[in-house]
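Below, chain A is the first sequence line, B the second, and so on; all start at residue 1. Reckoned from all heavy atoms, side chains included, excluding hydrogens, waters and symmetry mates.
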There are 2 protein chains.
Amino acid sequence: MNKNTTTAQRGRPAKSGRNSSQTKQALVQSGVEYFTEFGFASSGLDKILKKVSVPKGSFYHYFASKEAFGIAVIQEYSRYFAKKLDLHLLNEAIEPLQRIENFADDAKAGMSRHHFKRGCLIGNLEQEVTLLPESHRQLLLDTFELWQSKIACCLQLAQRTNAINGSLDCNTLANFFWMGWEGAIAKSKLTRDLTPIETFMVSFLQLIVK
Amino acid sequence: MNKNTTTAQRGRPAKSGRNSSQTKQALVQSGVEYFTEFGFASSGLDKILKKVSVPKGSFYHYFASKEAFGIAVIQEYSRYFAKKLDLHLLNEAIEPLQRIENFADDAKAGMSRHHFKRGCLIGNLEQEVTLLPESHRQLLLDTFELWQSKIACCLQLAQRTNAINGSLDCNTLANFFWMGWEGAIAKSKLTRDLTPIETFMVSFLQLIVK
DNA sequence: TTATATATTAGACCGATCGTCTATTTAAAT
DNA sequence: ATTTAAATAGACGATCGGTCTAATATATAA
């Protein structure tokens, strides 16, 4: 399925020099960036294509529709973000609650790096859900569920080491965490600084620690 | 400034039979509904006008631009929502924390009534801020500040009656509240049910009570 | 009555997309 | 040489964006 880079390919060669799967990947990456900054409806294929120097005529060679493209974009971001979460939340060298803080610091750096224009793709599309195809909605729900389980896991660890109140339900708390998190990211886009995220994290941790 | 309904007016009469300020108000109301459901960028003037039977040609008689119209819409919603907040949060017949719950119940009813398609105009536009004129951004910030002060006030009351932990900073907590709230409303749009809001409220109250 | 001021509307402007599709080009495989 | 596959060119028609000028309809003033 994946053509490697050196093997010659049949058919007209890509202007960009990339092979099929590389081009597809580049398009998805460009889509992630545009959809994260401007949302699905307000992002035109033209610009997404131009950013990676893929001609407009090629789009429907790579994807069946904008909707199908959106699915690939969401899945890619979901994968990327889950990996980032694991990187921090499964780091056994660090105490559970500190792992969550490390993740937050990582995300904060990303917010600054993109000048508070991007935020979280999933959170952004969530707001836009009334304009989205139904297929996207389900993907967003699945993604949140996955993220929630990862945070819940980490909170359970913290609970076992007695770092947080034992009476709290970690799944509920993780759900609560992500709602607040997305709210904080959105607010941070509005204020154009990190204080909302910091306020959220400090308050959240303060409220749950024993 | 306000023409009353009975006095005859100069100029061509409005097709709708409304006077100038009534038409303006109707347009703003329609704008609230569209912007809340679809956002600013994805809401066309055409539909906003059609909904209240105002001809397209009339728009620039009532507003200088779409941006100016947006400002009026945000201000109207902000006013409307502040009033709703006061209605609950200043109700001295009710205990402070219960007032917040009453507000939440009110909002939940609104979410259901509109089939989870609308949510909060301010929160929706907040996500869209990269597509918004700068004038709108400041209005959104001001609105959040106002709302925050109202919740902070109510939390201070709860603190005085010893209902919540005295060591918590009510302003910070109010800030935290609204971030979580907006996240919960967004999630509720996604799931199309009230559980996110309920989960948020239960968790929030559980975490802050003594 | 006529002229003027004001309020509202008609309707098109035109550029900018929008997502999509068919025909064509290029190159490898047969 | 012919076939098959990959990628591109380029425009398609439709919609719709916000905006503007000219026309219309009424109240008031002369």
Without decimals, in angstroms, what is the distance between [X] [atom1] and [N] [atom2]?
{"X": "B:Phe38", "N": "D:dC16", "atom1": "CZ", "atom2": "P", "result": "13 Å"}
{"X": "A:Lys50", "N": "C:dA16", "atom1": "NZ", "atom2": "C1'", "result": "13 Å"}
{"X": "B:Leu131", "N": "D:dG17", "atom1": "CG", "atom2": "C1'", "result": "14 Å"}
{"X": "B:Phe35", "N": "D:dG18", "atom1": "CZ", "atom2": "C1'", "result": "12 Å"}
{"X": "A:Lys47", "N": "C:dG19", "atom1": "NZ", "atom2": "P", "result": "11 Å"}
{"X": "A:Phe59", "N": "D:dA9", "atom1": "CZ", "atom2": "P", "result": "17 Å"}
{"X": "B:Tyr62", "N": "D:dG18", "atom1": "OH", "atom2": "C1'", "result": "18 Å"}
{"X": "A:Tyr34", "N": "C:dG19", "atom1": "OH", "atom2": "P", "result": "13 Å"}

message: Please pick, from C:dC18, D:dG18, D:dA7, the nucleotide with the shortest atom-to-atom distance to any side-chain atom of B:Lys56.
response: D:dG18
message: Side chain of B:His61 only, heavy atoms from C-beta on: which candidate in C:dT8, D:dA11, D:dG17 is closest?
response: C:dT8
Option from B:Val54, B:Val32, B:Leu45 for which side-chain contact (heavy atoms from CB on, under 4.5 Å) with B:Leu27 holds: B:Val54
field: Positions of residues 64-74 of chain B (non-hydrogen atom under 4.0 Å from DNA chain D), listed by number
entry: B:Ser65, B:Lys66
Pair A:Phe59 and A:Phe69, ring centroids less than 6.0 Å apart: yes
task: Check whether the ring centres of B:Trp181 and B:Phe103 lie less than 6.0 Å apart, and answer yes or no.
output: yes
- request: Ignoring backbone atoms, test whether B:Ser58 places a side-chain nitrogen or oxygen under 4.0 Å from the OP1 or OP2 oxygen of C:dT8.
  value: no
task: May I ask you to decide whether B:Glu126 forms a salt bridge with A:Lys187, counting only side-chain N to carboxylate O separations under 4.0 Å?
output: no
- request: Mind running salt bridge (charged side-chain N to carboxylate O under 4.0 Å, His left out) on A:Lys108 and A:Glu198 for me, showing each step along the way?
  value: CA-CA 9 Å; A:Lys108 275 159 61 181; A:Glu198 285 160 357; 3.4 Å; yes
- request: Apply side-chain contact (heavy atoms from CB on, under 4.5 Å) to the pair B:Ile100 and B:His88, showing each step before the final yes or no.
  value: CA-CA 7 Å; B:Ile100 298 181; B:His88 294 291; over 6 Å; no
- request: For A:Ser42, answer base if it contacts any base atom (sugar-phosphate contacts may also be present), sugar-phosphate if it contacts only those atoms, and nothing otherwise; contact means non-hydrogen atoms under 4.0 Å.
  value: nothing
- prompt: What heavy-atom pair brings B:Leu131 and A:Ser42 nearest, and what distance separates the two atoms?
  reply: CD1-OG, 3.7 Å
